[in-house]
**Student:** 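Attaching a single structure in structure tokens format; questions to follow.
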Protein chains: 2
Amino acid sequence: MILDERKRQILESVIKDYVATAEPVGSRAVVRKHALNISAATVRNEMADLEDIGYLEQPHTSAGRIPSEKGFRYFVDCMMENENPTDEQIEVLRQFMNDSIQEWSDVVQVVGSFLSKVTNYASFIIVPSVKFSQFQSLQLIPIQEGQALVLVITDVGVIMHRKISIPKSINSQDLGVISDIFNRAFRGKKLTELQRSDLQILREELKIRRQVIEDSLEALDSLLDSPNDEKVIINGALNMLKEPEFKDLDKLSRILTLFGEDGSLKDILPEQIKDGVDIRIGQENTAEDIKEMSLVIAGYRTAGELGKIGLIGPVRMEYWKAAGTVESVLNIINEIFKNTTSDNKLFIK
Amino acid sequence: MILDERKRQILESVIKDYVATAEPVGSRAVVRKHALNISAATVRNEMADLEDIGYLEQPHTSAGRIPSEKGFRYFVDCMMENENPTDEQIEVLRQFMNDSIQEWSDVVQVVGSFLSKVTNYASFIIVPSVKFSQFQSLQLIPIQEGQALVLVITDVGVIMHRKISIPKSINSQDLGVISDIFNRAFRGKKLTELQRSDLQILREELKIRRQVIEDSLEALDSLLDSPNDEKVIINGALNMLKEPEFKDLDKLSRILTLFGEDGSLKDILPEQIKDGVDIRIGQENTAEDIKEMSLVIAGYRTAGELGKIGLIGPVRMEYWKAAGTVESVLNIINEIFKNTTSDNKLFIK
DNA sequence: TGTTAGCACTCTCTTTTGTTGAGTGCTAAT
DNA sequence: ATTAGCACTCAACAAAAGAGAGTGCTAACA
């Protein structure tokens, strides 16, 4: 559907006004605020046309117009220009990442908070399961008489530590030997590639120190066991409190619960997203729970796996700003990855 | 102030009803629901007396009575019996702690979630700064060519890991030697007892491997630097959504923000609390932000330092249940500590 | 003297009714 | 094709009316 310039201007005015105020926009307001050289009556006619093709709608007869989801879609696809964060903001973020980031979990914190602070929407970051990270080393560390710590380190950092009991006869050199066995066997493999059978072979090969190895293997096993431990990190969920569309306590409650402690959000985000920044407006979302919200979402690749970052907000969203911010952040993440060899991802600094 | 039995019964009826319904309680309701052998008129007279001494109040002339904070206080001090969780619930918690708890951060998760789930209030746990935990060992672990991981382990678990660069000439045995030096020097000391001067001495004693030691010391240093890293863990904040007193969006927003991402709650809790389970009702709280909420709070000792666990909810709170639950949990925590020698706290299983 | 029934009174809450004003759609003039 | 003019619509707000729950007081009663 192609719109003439005037209709586009009117559509844009309505969208900008509505996004800013959450109120229906009347014909007078369009003329007044956007200094078009036409009368309110003309705007009314044009608006009626825009309503006919489904880009605007009226809450009731005597109200102004609000953009429909279809209208937002047209705007996003054909008219919108992304608005990036200021250079200053970008610089602050980049600085922060250089200064204080040790491993992936830090990246995620910093990026998440940046996204939500800059946009005033809720941000989410999905980190692929640690199962897809590359085994780097397993360390056995004596803690005290009869106890040791199993430490599993991958390219995204220290992903687990767990205590095991060890026979008193085993000293720290023995532990070193055992660690080395693991490391030689597994280094560089993805955890998902560690078949149970591999673990089994190791079990059988190493009759000595059997119990220690058993316990270490079990620790690794338990990592592989956890069905799907994608992590979701949500920031700025309370930004939703400000949005008038969620002033209804019931809605608010459902939304905050969604963002709540259980990480149920990840089941609700789309599996497939298109390259670059993908935007899902309201009903376009398949999950029932977010059909009155919009997503601005982008994928990033880490160790060959797909992670996601994005923003979630009301349909009445500043898509230009949201998309611009997500895009910028995505670029920074990719840039950081580019600067790290695949052998040296753990500490990305 | 001593109340006769009938007044006590009436006060209790009003409190129980009001807590359950959040509505003012009328004289008829008291008679009906609690089968007292007196007429509504008599109850009215008694209620008037209770109002005179400030235990009840009337929102307006023609409404029933609600308990005043003073009334709640009397009830809590002189009438209430704690209601403990069911044996089954306690058993589940104890089981869980035995099965799956590796270190302090796990305890805190499990306990927090238990408190909030059982009571339907928001729970908080304050964990004293790691600075007060006992240094157990510092481990230097080779990660890859030129890089090592500094791992600081105390009696509450692995409290930091950080990457440092190491000269290529240093091998893993060297790292072991260096770790041992740290361990001999510091084992068993509280981090707060590690004076900067101690670190300095170590620096000077060890001319060899200077850089590695420098970097490790710096990691320790940074732990001591962080001003006050008491941690606050909040669970079940969204339970507040259900309370009618917070149906006002503004209030709700302030409260949730308080529980929000920045952990500002810890500045608001009382410094001094009495032994056992302490209850702070409404205005009794010194902090402005929680003057319309109540706290049920208890202290626990870990490594000589005071931590706190508790619940926060509306003034109209089921104090008996809240206090009983906090008390039970406190007992379990103490029990666990009793079963662990002071040398063996890291993994409390 | 303590208790109770009866009753007028009070005050919130809900519903109803009236009013206002923003905004529209249509028509006729430009 | 555009616009001024005007009657019409409908949500939002306010005032008025009605209902109901609960009280305080008085007078009678055990």
Side-chain angles (χ1 to χ4, degrees), chain A residues 3-11 13-18 20-68 71 244-245 247-248, chain B residues 2-11 13-18 20-68 71 244-245 247-249:
Chain A
L3 297 188
D4 64 49
E5 185 54 26
R6 195 166 66 187
K7 283 202 174 60
R8 289 165 65 96
Q9 281 187 356
I10 291 173
L11 178 58
S13 300
V14 172
I15 286 180
K16 291 269 160 120
D17 264 30
Y18 177 65
T21 65
E23 300 288 333
V25 184
S27 54
R28 279 183 60 84
V30 170
V31 175
R32 203 172 344 110
K33 291 219 192 140
H34 299 272
L36 304 183
N37 256 349
I38 48 178
S39 77
T42 310
V43 173
R44 279 202 288 282
N45 288 331
E46 297 283 40
M47 279 173 142
D49 292 350
L50 285 168
E51 188 170 356
D52 282 345
I53 55 176
Y55 288 178
L56 295 180
E57 48 197 35
Q58 262 181 313
H60 54 266
T61 336
S62 67
R65 303 299 208 293
I66 65 177
S68 66
E245 26 271 277
K247 69 180 191 310
D248 174 49
Chain B
I2 292 170
L3 297 188
D4 64 48
E5 184 55 26
R6 196 167 67 188
K7 282 201 174 60
R8 288 165 65 96
Q9 281 187 357
I10 290 172
L11 178 59
S13 299
V14 172
I15 287 181
K16 292 267 160 121
D17 263 30
Y18 177 64
T21 65
E23 299 289 332
V25 184
S27 54
R28 280 184 58 86
V30 171
V31 176
R32 202 174 342 112
K33 290 218 192 142
H34 300 271
L36 304 183
N37 257 346
I38 49 178
S39 77
T42 310
V43 173
R44 278 202 287 281
N45 288 330
E46 296 284 42
M47 278 173 141
D49 292 350
L50 286 168
E51 187 171 356
D52 282 345
I53 56 177
Y55 288 178
L56 294 181
E57 49 196 33
Q58 263 182 313
H60 54 266
T61 337
S62 68
R65 302 299 207 295
I66 65 177
S68 66
E245 26 272 276
K247 70 181 191 309
D248 175 49
L249 261 194

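Below, chains carry the letters A, B, ... as their sequence lines are ordered, and counting in each starts from 1. Computed over heavy atoms, backbone and side chain alike; hydrogens, waters and symmetry mates excluded.
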**Student:** What residue pairs, at least two apart or across chains, pass side chain to side chain donor-acceptor pair (under 3.5 Å) with a residue in residues 21-31 of chain B?
**Tutor:** Ser27(B)-Arg44(B)

**Student:** Please give, in whole Å, the distance from dG23(C) C1' to Arg32(A) CZ?
**Tutor:** 12 Å

**Student:** What are the residues of residues 57-68 of chain A, sorted by number, that bring a heavy atom to within less than 4.0 Å of DNA chain D?
**Tutor:** His60(A), Thr61(A), Ser62(A)

**Student:** Using a heavy-atom cut-off of 4.0 Å to chain A, what are the terminal contacting nucleotides of DNA chain D, in 5' to 3' order?
**Tutor:** dT2(D) to dA11(D)

**Student:** Does Thr61(B) have any side-chain contact (heavy atoms from CB on, under 4.5 Å) partners at least two apart in sequence or in another chain, and if so, which?
**Tutor:** none

**Student:** Which atoms form the tightest heavy-atom contact between Pro67(A) and Tyr18(A), and what is the distance?
**Tutor:** CD-CD2, 3.3 Å

**Student:** Could you tell me which residues satisfy side chain to side chain donor-acceptor pair (under 3.5 Å) with Ser68(A), sequence neighbours excluded, listed by chain and number?
**Tutor:** none

**Student:** For Ala22(B), give me all partners under side-chain contact (heavy atoms from CB on, under 4.5 Å), at least two apart in sequence or on another chain.
**Tutor:** Pro244(B), Arg316(B)

**Student:** Give me the distances for all protein-to-nucleotides 2-4 of chain C N/O pairs that come in under 3.5 Å?
**Tutor:**
| from | atom 1 | to | atom 2 | distance (Å) |
| --- | --- | --- | --- | --- |
| dT3(C) | OP1 | Arg6(B) | NH1 | 2.8 |
| dT3(C) | OP1 | Arg6(B) | NH2 | 3.4 |
| dT3(C) | OP2 | Arg6(B) | NH2 | 2.9 |
| dT4(C) | OP2 | Ser39(B) | N | 3.1 |
| dT4(C) | OP2 | Ser39(B) | OG | 3.4 |
| dT4(C) | OP2 | Thr42(B) | OG1 | 2.2 |
| dT4(C) | O5' | Ser39(B) | OG | 3.4 |

**Student:** Residues in salt bridge (charged side-chain N to carboxylate O under 4.0 Å, His left out) with Glu57(B), at least two apart?
**Tutor:** none

**Student:** Please list, chain by chain and in numerical order, all residues satisfying side chain to side chain donor-acceptor pair (under 3.5 Å) with Gln58(B), sequence neighbours excluded.
**Tutor:** none

**Student:** I'd like to check the side-chain contact (heavy atoms from CB on, under 4.5 Å) partners of Asn45(A); sequence neighbours left out, ordered by chain and number.
**Tutor:** none

**Student:** Which residues pass the side chain to side chain donor-acceptor pair (under 3.5 Å) test with Lys33(A), sequence neighbours left out?
**Tutor:** Asp17(A)

**Student:** Please list, chain by chain and in numerical order, all residues satisfying side-chain contact (heavy atoms from CB on, under 4.5 Å) with Lys7(B), sequence neighbours excluded.
**Tutor:** Leu3(B), Asp4(B), Glu46(B), Asp49(B), Leu50(B)

